[in-house]
Amino acid sequence: MGNWHNADGTLDPVKVRAEYPIFKTQPGGRPLHYLDSAATGQRPQRVVDALSKYLFTANANPHRGAYTLAQMATDGYEAARARIAAYVNVPASELVMLGSATEALNLVARSWGKANLRRGDVVLVTEAEHHANLIPWQQITREMDADLEFIPVDDVTGEILWDRLDSLMKLKPKMIALGHVSNVLGSIAPLAQIAEAAHAVGALLCVDGCQAVANMPVSIPATGADFYAFSAHKMGGLFAGGGLWARADLLAEMAPIETGGDMIHSVRLRDADFTTGTQRFEAGTPDASGAVALAAACDLLDEFGRDKIHAHEALMIERVIRELPEALPDARILGPRDASQRAGLVAFSSDLIHAHDLAEILDRRGVAIRAGFHCAQPLHEQLELSSSARVSVAPYTTHEDLDALFVGLREARKVFEG
Ligand SMILES: Cc1ncc(COP(=O)(O)O)c(C=O)c1O
């Protein structure tokens, strides 16, 4: 257990930073001001320690061997699953460990969608979805001759127009799929309300939790979701990792998409029976060490306290929203102005400075922000933008990081104002 907090109980990002070796490096010879944690989080020392401990002391193929080391490998993997499941408050028996959130969302669309969608059925998503929660639904609705409909965004602010939900429910969707926190707008979806509306018309709710699980307390049962996907690398885990929670009855009915070793009950030359439970969706050797690493990341995030992470990040976001108009007067902030309706990030555009130019100028000061359409191209088209700049924060984000951001922004403005 580290000491991560100030005397008043708030998170101290300077203490937190000590756990992340990347901040001891100076990429390009400059101190790092990493404001791109929504793309991927930095890795804590203890995550890599847990990874190497598992690989150096318990390495064998899980679920296969009868010898002691193989049992240790299996136990380590399953203990990690249980820890990750506890982090989002679900039973381990309902948490499928996969290679990414993208894989998780594809699994829902392809498996549940193939079995349940029929001609003319409606799947509802928002216009703000990350491509990972849009394209799988495009594909499956096309394949099943079903319809894809959209909860619109405000063309100016980008805010998702939740008040349209009531009228959209008249379409009697079978599935509503949306992000818990938008990776461009930063807005937190009112999931309990959406789940109630969905269930009232017999629809299921599939939630992309990638931008929520590392940034705020998330108890999946409280969201009302029927499926909930998340990504390891946004939480301090390894790159190739993700989780899919599915309601037990849905999981039991779902057919696997990938087949092969480790997911079978018995195999004959011409057919096979599959095992039950989460293992049915984890064909091949699982990334057990990645799960162990993610479990260590969960421990750390819980030591920080997710309510404290959320409060710290809200403070950082509030400052960005407050100071941005002064540093860059033509900045158009996408999503809600109220930091309390957000988690973790702010995206904005400027007619004066293209987002890519801005990112390049900021990089000269060691400030790393994301420029582009952040895997949400339709949203940017809706807002008539070719790109935006995105600042995202984490438990290790300090006021010094934001100072450097604003110095860089003013510098960029000077260059472009001429
Ligand atoms: C909202 C959202 N959904 C899905 C993804 C994809 O996650 P993964 O990288 O685990 O496939 C991301 C990551 O960029 C994301 O931000």
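First listed ligand is number 1; within each ligand, the first listed atom is number 1. Being a predicted model, the structure only gives us computed values, none of them experimental.
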Flag this pair as yes if the NZ/CZ of [X] is under 6.0 angstrom from the six-membered ring centre of [Y] and inside a 45 degree cone about the axis; otherwise no.
X: R83; Y: Y87; answer: no
X: R164; Y: F150; answer: no
X: R17; Y: Y34; answer: no

Is the backbone of G41 close enough, under 3.5 Å, to the side chain of R43 for a donor and an acceptor to pair up by distance?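 Yes: the side chain of R43 pairs with the backbone of G41.
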Is the backbone N or O of D351 less than 3.5 Å from a side-chain atom of D330, with the two atoms forming a donor-acceptor pair by type?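 Between the backbone of D351 and the side chain of D330 there is a qualifying donor-acceptor contact (under 3.5 Å).
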Short N or O separations between ligand 1 and the protein, below 3.5 Å:
unit_1, atom_1, unit_2, atom_2, d
ligand 1, 3 (N), D208, OD1, 3.3
ligand 1, 3 (N), D208, OD2, 2.5
ligand 1, 9 (O), H233, NE2, 2.8
ligand 1, 10 (O), A101, N, 2.9
ligand 1, 10 (O), S231, OG, 2.7
ligand 1, 11 (O), T102, N, 3.1
ligand 1, 11 (O), T102, OG1, 2.5
ligand 1, 14 (O), H130, NE2, 3.2
ligand 1, 14 (O), K234, NZ, 2.5
ligand 1, 16 (O), Q211, NE2, 2.7

Could you state the interatomic distance from NE2 (H180) to CG (N133), rounded to the nearest 0.5 Å?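 Answer for the NE2-CG pair, H180 versus N133, is 13.5 Å.
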